[in-house]
Amino acid sequence: MNYDQIMQLALERGFYFPSCEIYADAQAGFWEYGPSGVSFKNKFVELWRREFVRRDRMMEIDGSQIMSQSVFVASGHLAGFADPIVVCEKCKSIFRIDKLITEITSILVPESADLSEFDKIISEKNIMCPKCKGKFNKAHKFNMMFKVGIGPEEETAYLRPETCQSIFVDFPRLFKTMRGKLPVGIAQIGKSFRNEISPRQSLLRLREFYQAEIEVFCNPNKLNNLEKFFEVENTEIRIMVDNTIKIITCKEASDSGILPNKLVAYYLGLLTEFYQKTGIDIKRSRFRKLGDKEKAFYASVAFDFEVETTTGWLELVACNYRSDYDLKSHTNTSKEKFEVLDEDVKVLPHVFELSMGIDRSLYTILEHNLREDKENDRVVLSLKPYLAPVHVGVLSLVKKDGLAEKTEEIFSKIKRDYDAFLDHSGAIGRRYRRLDEVGAPLAITVDHQTLQDDTVTIRMRDSMSQERIKISEIDSYLASNIAYP
RNA sequence: GCGGAGUUAGUCCAGCCCGGCACGACGUCAGCUUCCCAAGCUGAAGGCCGCGGGUUCAAAUCCCGCACUCCGCACCA
């Protein structure tokens, strides 16, 4: 199904919708999750926790969204997370000046160059506005971080542009108090904020968005010395080599040098196994090694995990080898010590990160799982049962003859343990169709036979088939059918 | 931010040229019917026609500004 159809589902069924939509001054790039969206997101997050935090014995933290200025001085975001721009004095058009200079003069200027450097080239080469031939004002930087003023003095702080900075900042305490041992992953889920010039496409480019980030702290001398590597050595990953997607095992990838080392191969393996369990079509995914110009300013090697959607290839996870960039710069700025002991040798850990976009991942799962079943005239969201916003519908075949009461009795028994949805109203087929659209994998229906022998029918979303089970078996039936893998 | 196209009920949309009580479908709710897959019948709710201003006796409709959405450019998880 395409973007528009997902959008319609999202609006109609309470997955997500624009923030502040009743007011005209609502800003672009902010969206809310509705009831279905939250339930779905929570389950996705739980799967992430199972497949990374618990599986790899990571530490999970929950840091502040507002962080002090020094953090971003150290991280480089204050200087580096900004685009150099110029404004045309006549027509007010805005240009990325480094790109414009390259376009017009073929001179390559790094975007991190001094602002005066840009001004110099503009005047020397007599660069004018390509739209109206007007003059440019002085180059300045547009920083993508949201600035906030703290307290009555309005002390400068920022909304974090990535969640991982708290992980770096907290690392010394965490490593000491939690008895850390390299390599160790520290994970965090939370919101990040970027003042995008042009947010677009609902969940795909937001100004306020969820990230699930994992920072793996490791000894740079032991990147190929990883006991747990055997867990994924035969896991197949899909990686772009010379513009074609090659399917190879993690072991082959690291042995052949396609991936730099076992540590990176291990985590790309975990990531692949995770996304297989989310129900996205893994055959439409790939890891792509980024060129030097595409990489973030802190990355020395970077692989994007990308998935094909109807909007094109979409980056879901950035896998960056950040080396000692962050710990070194926080050491210099804070004077805190970040070295740790690894088998009695003092080492400044390197960092490999998996930076996952949750909102984008949720969109992709929806798109890859929503299908039109023309034969039965219905739209079905075939989510994995453990990710479904509603686990089970609880329906009375008809309302009268005491069936409604019996249905409510069953509903009360399971509502604390499962996301169950009670529904008496309208034709039974209509109610099944509604459940299909929110992805509920199962429906329990109470009919006249229930009153005689205490059995109910269970209706399966994907096959539409039914079976009859005892009321006393409902709990174990649900438990085994919606369990995480 | 630029260029293009749009914005009318939960959703999809007609009406706009040519100003005069806002149309329809789907969905929702209640009742009847039905007794396992969007059936039928009856009834109901739901709209400051994106926001603000202007023209006019009168604006969804004409004019101006802004916001938002979508598509392209650029940027990004």
Side-chain angles (χ1 to χ4, degrees), chain A residues 3-5 7-14 17-30 34 81-83 85 87-88 91-96 98-100 103 111 129-132 142 144 161-164 191-207 209-213 294 296 304-306 311 314-320 353-361 363-364 373 376-379 395-401 403 425-437 443 445-449 456-459 461 464-466 468:
Chain A
Y3 176 85
D4 289 332
Q5 291 165 306
M7 198 62 237
Q8 187 169 340
L9 177 83
L11 291 172
E12 276 185 8
R13 296 290 170 210
F17 47 86
S19 181
C20 313
E21 61 177 336
I22 64 166
Y23 288 106
D25 64 348
Q27 296 293 308
F30 300 92
F81 198 60
D83 293 337
I85 57 172
V87 182
C88 169
C91 71
K92 305 293 175 200
S93 296
I94 294 179
F95 296 90
R96 272 285 299 269
D98 56 323
K99 309 241 172 206
L100 188 68
E103 210 173 281
E111 65 166 87
C129 174
K131 285 203 179 123
C132 71
F142 171 71
M144 305 239 289
E162 51 178 8
T163 56
C164 60
K191 283 211 166 156
S192 290
F193 304 82
R194 294 181 189 176
N195 201 357
E196 296 287 342
I197 296 170
S198 173
R200 207 46 83 71
Q201 287 173 320
S202 61
L203 299 191
L204 304 189
R205 190 155 65 251
L206 295 160
R207 287 184 167 134
F209 58 103
Y210 281 103
Q211 288 187 304
E213 291 198 298
E294 290 179 286
D304 277 355
F305 178 71
E306 299 177 326
T311 66
L314 184 63
E315 177 189 351
L316 298 188
V317 187
C319 310
N320 297 308
E353 113 181 317
L354 302 178
S355 174
M356 180 182 295
I358 293 184
D359 316 271
R360 289 178 169 193
S361 296
Y363 170 82
T364 305
D373 177 1
N376 295 297
D377 190 26
R378 62 178 190 154
V379 171
L395 318 176
S396 48
L397 186 58
V398 291
K399 246 185 277 189
K400 53 189 186 185
D401 304 333
L403 294 190
S425 71
I428 190 74
R430 178 181 299 272
R431 283 176 277 162
Y432 286 146
R433 294 297 187 282
R434 257 196 304 250
L435 289 167
D436 289 341
E437 272 192 44
T445 306
V446 169
D447 56 18
H448 287 96
Q449 194 183 330
V456 293
T457 61
I458 298 263
R459 183 258 192 188
R461 174 194 65 200
M464 295 174 72
S465 61
Q466 294 186 324
R468 209 158 181 101

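A note on names: the letters A, B, ... follow the listed sequences, proteins ahead of strands, and every chain is numbered from 1.
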Taking the C1' atom of each, how far is rA67(B) from rG53(B), in whole Å?
14 Å
What's the separation between atom OH in Tyr432(A) and atom OG1 in Thr445(A), rounded to the nearest 0.5 Å?
2.5 Å
What's the separation between atom CE in Met356(A) and atom CG in Leu316(A), rounded to the nearest 0.5 Å?
8.0 Å
Across all strands shown, which nucleotide pairs with rG47(B) by Watson-Crick or G-U wobble geometry, both distances under 3.5 Å?
none
Side chain of Gln466(A), backbone of Thr457(A): donor and acceptor closer than 3.5 Å?
no
Distance check, P atoms only: rU33(B) and rC13(B), in whole angstrom units.
38 Å
rC70(B) P sits how many Å from Leu204(A) CG, rounded?
9 Å
For rC36(B), the Watson-Crick or wobble counterpart (both distances under 3.5 Å)
none
Side-chain N or O of Gln449(A) less than 4.0 angstrom from OP1 or OP2 on rC36(B)?
no
Got a donor-acceptor pair under 3.5 Å from the side chain of Asp447(A) to the base of rC36(B)?
yes
With a non-hydrogen cut-off below 4.0 angstrom, is Leu403(A) in contact with a base, only sugar-phosphate, or nothing?
nothing
Just to confirm, is there a sub-4.0 Å distance from OP1 or OP2 of rU69(B) to any side-chain nitrogen or oxygen of Ser202(A)?
no
Classify the side chain of Arg207(A) and the base of rC76(B) as holding, or not holding, a donor-acceptor pair under 3.5 Å.
no
Mind calculating the distance between CD (Gln8(A)) and C1' (rC70(B)) to the nearest angstrom?
15 Å
Where do Glu315(A) and Ala318(A) come nearest, in terms of heavy atoms and distance?
OE2-CB, 3.5 Å
Contact under 4.0 Å: Gln27(A) side-chain N or O vs rC68(B) OP1/OP2
yes
Calculate the interatomic distance between Phe17(A) atom CZ and rA9(B) atom P; express it in whole Å.
17 Å
Would you classify Gly29(A) as touching base, sugar-phosphate or nothing, given that sugar-phosphate means primed atoms plus P, OP1 and OP2, and contacts are heavy atoms under 4.0 Å?
sugar-phosphate
Suppose we define a pair by two distances each less than 3.5 Å, Watson-Crick or G-U wobble; what does rG10(B) pair with here?
rC26(B)
4.5 Å side-chain heavy-atom contact, Lys191(A) and Leu206(A)
no
Can you tell which of rC37(B), rC29(B), rU28(B) lies closest to the side chain of Arg434(A)?
rU28(B)
5'-most contact on RNA chain B: Arg378(A) or Ala26(A), nearest heavy atom basis?
Arg378(A)
Counting heavy atoms from C-beta on, name the nucleotide in rA38(B), rC76(B), rC36(B) closest to the side chain of Asp377(A).
rA38(B)
Within the structure shown, what part of the strands sits under 4.0 Å from Tyr210(A) by heavy-atom distance: base, sugar-phosphate, or nothing?
nothing
Where each residue is assigned the nucleotide of RNA chain B containing its nearest heavy atom, which of Met356(A) and Lys400(A) is assigned the position nearer the 5′ end?
Lys400(A)
Measure the distance from CG on Asp4(A) to C1' on rU11(B) and round it to the nearest whole Å.
13 Å
Strand partner of rC16(B), provided both Watson-Crick or wobble distances fall under 3.5 Å:
none
Measure from the side-chain heavy atoms of Leu11(A) and tell me the nearest of rU11(B), rC29(B), rC71(B).
rU11(B)
Please state the C1' separation for the pair rU56(B) and rC62(B) - nearest whole angstrom.
10 Å
With the side chain defined as heavy atoms from C-beta on, Arg205(A) is closest, among rA77(B), rC68(B), rA38(B), to rA77(B)
Re rC76(B): Watson-Crick or G-U wobble partner, both distances kept under 3.5 Å, found to be none
Could you please name the option among rC37(B), rA77(B), rA39(B) that lies closest to any side-chain atom of Ile428(A)?
rC37(B)
Tell me the interatomic distance from Arg431(A), atom CZ, to rU34(B), atom P, rounded to whole angstroms.
15 Å
Atom P, compared across rU7(B) and rA14(B): separation rounded to whole Å:
8 Å
By the 4.0 Å heavy-atom rule, please label Arg459(A) as base, sugar-phosphate, or nothing.
base
Using a heavy-atom cut-off of 4.0 Å across all strands, would you classify Glu162(A) as base, sugar-phosphate, or nothing?
nothing
Output the single nucleotide from rA77(B), rU11(B), rC36(B) whose closest atom is nearest the side chain of Phe209(A).
rA77(B)
Output the single nucleotide from rA77(B), rA38(B), rC37(B) whose closest atom is nearest the side chain of Ala318(A).
rA77(B)
Selection from rC76(B), rU11(B), rC37(B) that lies nearest to any side-chain heavy atom of Glu12(A):
rU11(B)
So what does Ser425(A) touch, heavy atoms closer than 4.0 Å: a base, only the sugar-phosphate, or nothing?
sugar-phosphate
Specify the separation, in whole Å, of atom CE of Met7(A) and atom P of rU69(B).
10 Å
So what's rU69(B) paired with, Watson-Crick or G-U wobble, going by both distances under 3.5 Å?
rA5(B)
What interatomic distance, in whole Å, is found between P of rA5(B) and the corresponding atom of rC64(B)?
14 Å
Write down the distance separating the P atoms in rC37(B) and rG10(B), rounded off to the nearest Å.
32 Å
Could you write out each protein N or O paired with an N or O of nucleotides 46-52 of chain B at a distance under 3.5 Å?
none

So does Arg194(A) reach the base of rC76(B) with its side chain, donor to acceptor, closer than 3.5 Å?
no
Can you see if the side chain of Lys399(A) gets near the phosphate of rU34(B) - specifically, an N or O under 4.0 Å from OP1 or OP2?
no
May I ask you to verify if any side-chain N or O of Tyr432(A) is less than 4.0 angstrom from the OP1 or OP2 atom of rC36(B)?
no
From the options rU69(B), rA39(B), rC36(B), select the nucleotide whose nearest atom is closest to the side chain of Leu397(A).
rC36(B)
The reported gap from CD in Glu21(A) to CG in Leu11(A) (rounded to nearest 0.5 angstrom) is 8.0 Å
Is it true that Arg461(A) and Asp373(A) make a salt bridge, defined as a side-chain N closer than 4.0 Å to a carboxylate O?
no
Measuring only the C1' atom in each nucleotide, how far is rA44(B) from rA9(B)? A whole number of Å is fine.
14 Å
Rounded to the nearest 0.5 Å, how far apart are CG of Leu314(A) and CG of Asp304(A)?
10.5 Å
Distance criterion of 3.5 Å, no angle test: do you see the side chain of Glu196(A) paired donor-to-acceptor with the base of rC76(B)?
no
A side-chain contact here means heavy atoms from C-beta on lying under 4.5 Å apart; do Gln27(A) and Cys20(A) qualify?
no
With rounding to whole Å, what would you report as the distance between rC48(B) and rA60(B) at their P atoms?
13 Å
Let me know which of Arg207(A), Arg205(A), Glu162(A) forms a side-chain contact (heavy atoms from CB on, under 4.5 Å) with Arg194(A).
Glu162(A)
Which nucleotide, if any, forms a Watson-Crick or G-U wobble pair with rC21(B), using both distances under 3.5 Å?
none
N/O (side chain, Arg430(A)) to phosphate O (OP1/OP2, rG27(B)) under 4.0 Å:
yes
With both distances under 3.5 angstrom, what nucleotide forms a Watson-Crick or G-U wobble pair with rU56(B)?
none
